[in-house]
Amino acid sequence: MKKYIKINKLFILFSILSLVSCSDNIDIENVNKPLQQDFYVSVSDFNTGLNGCYSTLRAPIAYEWMLTEVRSDNTYLNNYGTTNPQNLQIISNDVFEAPSFDLFIEQYWATTYTSIRSVNGLASALGTNYNPATGTIDYGTTSTSFPLSVTERKRISGEASFMRAYHYFNLVRVYGGVFLIDKIITPDEALLIPRSSVADIYKFIIADLKNATANCTTAKYSAAVGTGGAATKWAAEALLAKVYLTLGQKSDALPLLTDVITNSGHSLITAGTAPYSDVFSSTNELNQEILFAIRFKSGGLGYGSSLSNLFSSTTDQKISGLVYPTGTRGGYNNPTPELYGNYATNDKRRDYNIKTKIVTPVTTTSANSQLYWAGKHNIAVSVQNDSELDWPVLRYSDVLLMYCEASNAPTTTASLSYSYLNQVHVRSGATAIVLANVLATAGYEKAVADERRWEFALENQRWFDLLRFKTTMPTVNAKTIMENHFTAMQPFYSQFDAAYTTPQLIAKVNNVKFDLSPIPNVEIVTNTVQKIPNNPGY
């Protein structure tokens, strides 16, 4: 497993974060580090700073699945006899028991805020600031010697805003109201900042994404040019649409999604014998379906992804179709038998996303008779934790299915909601959805929710989808789904030393801890100026 390092606890939030050993805390200034005002003096400096912000997107991905996919009905840690503290923390997230001192919850928080700090430094150098009164990103006056043109300044600001909004959108969905920081602050200033309300965080996110949609490149995707990995207007519109859906504002989401579908140049990959798996190929990165991805690069440069090692089967298991990266293999984030069984047998996404191995004849009493491993994100690597595979954040199929989510049930085969739903469904190798099955609201909403589950399995979307559906497709009830999940999975949980009964597992679904993870304990205990409240139940 990837060696996790502890974030310096002397610095609340993200003041001056240092990556240190598990026992050392460093509180001295790095005198060799250039000051921000001395760094941004040329156009190339601003582009270097922007590239640095993109680089910081990689760190949170090593932890995000523990707080999202594992909490859903898609994956679990199939290691019920473990005594490893890290494994137990993953399991605690699975059953909504995570303590506020959970290392991974803290690491996700810290790495995300580290990235936000980088964006804030760039925004400060650009002379932009967030105006909470108007809910806008404002552009201050620059000096005559400012090196950027108006166009360059707005383009860099738009891309920076996209990244910051992406981070805060994840934070608010995982933790609720968090600390709204839009500029560089000192450690002493950090102590004075309270948690913001969820509404204020969303207002900030929307301001950033409106700045991004107005100023990121409007160039259409083309196979010859691609996107270069930069945030575009189309990615910003798609993310803003997802924000609006989360807030229940379907009418605000639809025109944004329509613009992406009509004008972006992006489309589904449908050609070839394996179009779905081609979306994720290391030799087909930034393809026509990718609106935005977090870039990883192999080659022993320190830019590779750890997910192939984390998710690949353990060393004692050999599974057909699953490659084996060099180094330790964690066997984490196992797809649930329920997810595997939820796919149609002719759905090609199932056998790409999930690899299986039968250990003993399958029986109703043997929860461990068939092993399931993550196939997606898996690639052979020659250096441990050095996968080339990018992490998809926004795909064109997501745009199509968000359009369906924002729309009413179709009335005819000419309805766009029916057409877009079937475009994704048929690409999987399945036969077209019968119109009669989706004319009623409940049938339609179930079809859209199922399609999203099958399409985005192991992409950290399922948990956020379940929580969002209560505002967009209320017949799809997250708690009912998770109750059914725990009922089906109870034979597995019964193997723990303190065996869980089905009523005990269902009680966890109805606990106040269900919706949110805790604010990391370090943020609470190290603030000597004010009391930081944690989320209900923690």
Problem - Main-chain N/O of Trp373 paired with Thr356 side-chain donor or acceptor, under 3.5 Å - result: no
Handout entry: Trp65 and Phe311 aromatic centres sub-6.0 Å
Key = yes
Fill in the blank from the handout: Minimal heavy-atom distance between Lys348 and Thr273, with the atoms involved, is NZ-O, 3.8 Å
Exercise for the section: Apply the test side-chain contact (heavy atoms from CB on, under 4.5 Å) to residues Asp398 and Gln461: give CA-CA distance (whole Å), side-chain angles for both, the deciding distance (0.1 Å), then the verdict. Expected result: CA-CA 10 Å; Asp398 197 356; Gln461 295 224 42; 3.3 Å; yes
Exercise for the section: State the OH-OG1 distance between Tyr340 and Thr345, to the nearest 0.5 angstrom. Expected result: 9.0 Å
Handout entry: OG on Ser55 to CD1 on Ile294, rounded to 0.5 Å
Key = 11.0 Å
Problem - Under 3.5 Å: donor-acceptor pair, side chain of Asp386, backbone of Gly300 - result: yes
Problem - Parallel, tilted or perpendicular: rings of Trp109 and Phe179 (30°, 60°) - result: perpendicular
Problem - Audit row: Ser157, Asn211, side-chain hydrogen bond (donor to acceptor under 3.5 Å, both in side chains) steps and yes/no - result: CA-CA 8 Å; Ser157 173; Asn211 184 46; 3.0 Å; yes
Exercise for the section: Could you tell me which non-hydrogen atom of Ile290 sits nearest to which non-hydrogen atom of Ala293, and how far apart they are? Expected result: CG2-CB, 3.7 Å
Problem - Under 3.5 Å: donor-acceptor pair, side chain of Ser115, backbone of Thr112 - result: no
Exercise for the section: Would you check if Thr217 and Arg155 make a side-chain contact, meaning some heavy-atom pair closer than 4.5 Å? Expected result: no
Handout entry: Check: Ser281 main-chain N/O paired with Asn284 side-chain donor or acceptor under 3.5 Å
Key = no
Completion exercise
Residue set satisfying side-chain contact (heavy atoms from CB on, under 4.5 Å) with Asn342, at least two apart, ordered chain then number -> Asp450, Arg453, Trp454
Exercise for the section: Measure from the side-chain N and O atoms of Trp234 to the backbone N and O of Ala219, and report whether any donor-acceptor pair falls under 3.5 Å. Expected result: yes
Practice task
If the plane angle is over 60° it's perpendicular, under 30° parallel, otherwise tilted; pick one for Phe162 and Tyr166.
Solution key: parallel
Problem - Non-hydrogen atoms of Ile105 and Pro99 that approach each other most closely - result: CD1-O, 4.1 Å
Exercise for the section: Would you check if the side chain of Lys376 reaches a backbone N or O of Glu459 as a donor-acceptor pair within less than 3.5 Å? Expected result: no
Problem - Any donor-acceptor pair under 3.5 Å from Asn334 side chain to Tyr372 backbone - result: yes
Practice task
Work out which heavy atom in Arg427 is nearest to a heavy atom in Ile269; give both atom names and the distance.
Solution key: NH1-O, 2.9 Å
Practice task
Report the relative orientation of the aromatic rings in Tyr113 and Tyr168; use parallel for angles under 30°, tilted for 30 to 60°, perpendicular for over 60°.
Solution key: perpendicular
Handout entry: Heavy-atom closest pair, residues Arg395 and Glu289
Key = NH1-OE2, 2.8 Å
Fill in the blank from the handout: Applied to residues 89-102, the salt bridge (Lys or Arg N to Asp or Glu O under 4.0 Å) test, sequence neighbours excluded, yields Glu97-Lys508
Exercise for the section: Output, in order, the C-alpha distance, side-chain angles, deciding distance and verdict of side-chain hydrogen bond (donor to acceptor under 3.5 Å, both in side chains) for Thr213 and Glu237. Expected result: CA-CA 6 Å; Thr213 58; Glu237 284 188 329; 6.0 Å; no
Handout entry: Any donor-acceptor pair under 3.5 Å from Gln89 side chain to Leu103 backbone
Key = yes
Handout entry: Pi-cation contact, Phe169 with Arg173 (under 6.0 Å, within 45°)
Key = yes
Exercise for the section: Run the numbers on Ser42 and Ser44 for side-chain hydrogen bond (donor to acceptor under 3.5 Å, both in side chains), then give the verdict. Expected result: CA-CA 5 Å; Ser42 69; Ser44 63; 3.0 Å; yes
Problem - Worked check of side-chain hydrogen bond (donor to acceptor under 3.5 Å, both in side chains) between Asn309 and Gln384 - result: CA-CA 7 Å; Asn309 284 88; Gln384 182 169 311; 4.7 Å; no
Exercise for the section: Output the distance between atom CD1 (Ile61) and atom OG (Ser305), rounded to the nearest 0.5 Å. Expected result: 8.5 Å
Exercise for the section: Would you check if the side chain of Tyr40 reaches a backbone N or O of Leu126 as a donor-acceptor pair within less than 3.5 Å? Expected result: no
Exercise for the section: Mind telling me whether Tyr54 and Phe292 have parallel, tilted or perpendicular rings, with 30° and 60° as the class edges? Expected result: tilted
Practice task
Carefully, step by step, assess Arg349 and Glu451 under the rule salt bridge (Lys or Arg N to Asp or Glu O under 4.0 Å).
Solution key: CA-CA 11 Å; Arg349 295 172 295 195; Glu451 205 64 46; 2.7 Å; yes
Handout entry: Donor-acceptor pair, side chain of Asn215 and main chain of Ile156, under 3.5 angstrom
Key = no
Exercise for the section: Answer yes or no: are there more than 12 heavy-atom neighbours, outside Lys154 itself, under 6.0 Å from its atom NZ? Expected result: no
